[in-house]
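Sequential numbering from 1 along the given sequence is applied to the chain's residues.
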Amino acid sequence: MVAHIFVVRGQIDIRRYGTIYNVTSSCFGTFIELTELEILYIGPDTKAYILAMGRDFSTNLIQFRPPFPITFFIKVLKEPITPLLEESVRHFEDRFENIDNVYTNITGLFRKEMVKSAMWMLLLEIANQFIKFEGLEKIQAGDSRRKEIMMNFINLMTKHSSADHNVDFYASKLCISRQYLNRVLCGYSNVTASKWIAFTLTGKISWYLNNTTMPIQRIAELLGFPSQAALAKFFKQQTGITPTDFRNQSFPK
């Protein structure tokens, strides 16, 4: 799950993996690779938006056209809360209001497409905020080697995950041990290399199922699975439903 939390005024306290975060006025938080997010406190007169997206939907939304540099994901894994300037607060509020208006308009003929477009605009706004005010060069020297490993691993997954699903392949490419790769990744994200690979593969499968009529057997061949049955078993383990059911379901209804 991915959660975006935007506090216009007031305060929300949340807990993720045992760490408590205070999201205060004019602050925005992005939390990725979530299994749960606990809201501990909502201050009086708080105005805030919380948008939670399932892994498959969020991956499908940005698949093959991600607006974020890799450094964005590294940053939010360690520091998910970002203060906003006054101008950015207005822009973010407009984006969240637009999503709310489109989603609640149940009579819209193109509601599904409009919801996706509204969310895509929000993602662009988030990316613009990061690129404009953080910059791509702000990598702290003291932690640069581990960040470099993280970035290179994600780059390698983007290029090779369709053919290579084995953690040892990526560790070998990075000239480090499997254990050290997992230690670096867990230090940033609480997620092992195998789970990162599974997340990437699930996103690619979801994209093919949603955006093509390609037979599942052909998708399995393209993504390095030995058979359609192997892909179906993997996909159900990750999502809880079969590829066929996923392809047949519509969002939103």
*asked:* Is it the case that over 12 heavy atoms from other parts of the model lie below 6.0 angstrom from the CE atom of M121?
replied: no

*Is S25 reaching over with its side chain to a backbone N or O of G10, donor-acceptor style, under 3.5 angstrom?*
yes

*Quick check: does any side chain N or O of D100 sit under 3.5 Å from a backbone N or O of F96, one acting as donor and the other as acceptor?*
no

*Is the backbone of D45 close enough, under 3.5 Å, to the side chain of R9 for a donor and an acceptor to pair up by distance?*
yes

*Minimum heavy-atom distance C27-P83, with the two atoms named*: SG-CA, 3.9 Å

_Full working for side-chain hydrogen bond (donor to acceptor under 3.5 Å, both in side chains) between T244 and T242_ = CA-CA 5 Å; T244 300; T242 67; 4.8 Å; no

*Are K47 and E93 ion-paired here, with the side-chain N under 4.0 Å from a carboxylate O?*
yes

*asked:* Before you tell me yes or no, could you show the steps for L123 and I126 under side-chain contact (heavy atoms from CB on, under 4.5 Å), namely the whole-Å CA-CA distance, both residues' side-chain angles and the distance that decides it to 0.1 Å?
replied: CA-CA 5 Å; L123 296 185; I126 297 169; 4.3 Å; yes

_Flag, side chain of R247 to backbone of S206, donor-acceptor distance under 3.5 Å_ = no

_I'd like to check the ring-ring contact (aromatic ring centres under 6.0 Å, His included) partners of F28; sequence neighbours left out, ordered by chain and number._
H4, F92

*Backbone of L84 reached by a side-chain donor or acceptor of S88 within 3.5 Å*: no

*Which side chain to side chain donor-acceptor pair (under 3.5 Å) pairs, counting each pair once, include a residue from residues 165-177, with sequence neighbours left out?*
D168-R178

*Report yes or no: does T239 contribute a side-chain atom to a donor-acceptor pair with the main-chain N or O of F235 at less than 3.5 Å?*
yes

*Nearest-0.5 Å distance that lies between atom CD in E38 and atom CZ in R15*: 4.0 Å

*Donor-acceptor contact present, side-chain D245 to main-chain I241, <3.5 Å*: no

*Can you name the side chain to side chain donor-acceptor pair (under 3.5 Å) partners of D13, sequence neighbours left out?*
Q11, N22

*Would you please test M214 and L222 for side-chain contact (heavy atoms from CB on, under 4.5 Å) and show each step?*
CA-CA 11 Å; M214 191 179 295; L222 288 174; 3.4 Å; yes

*S162 OG to M157 CE distance, which is reported to the nearest 0.5 Å*: 11.5 Å

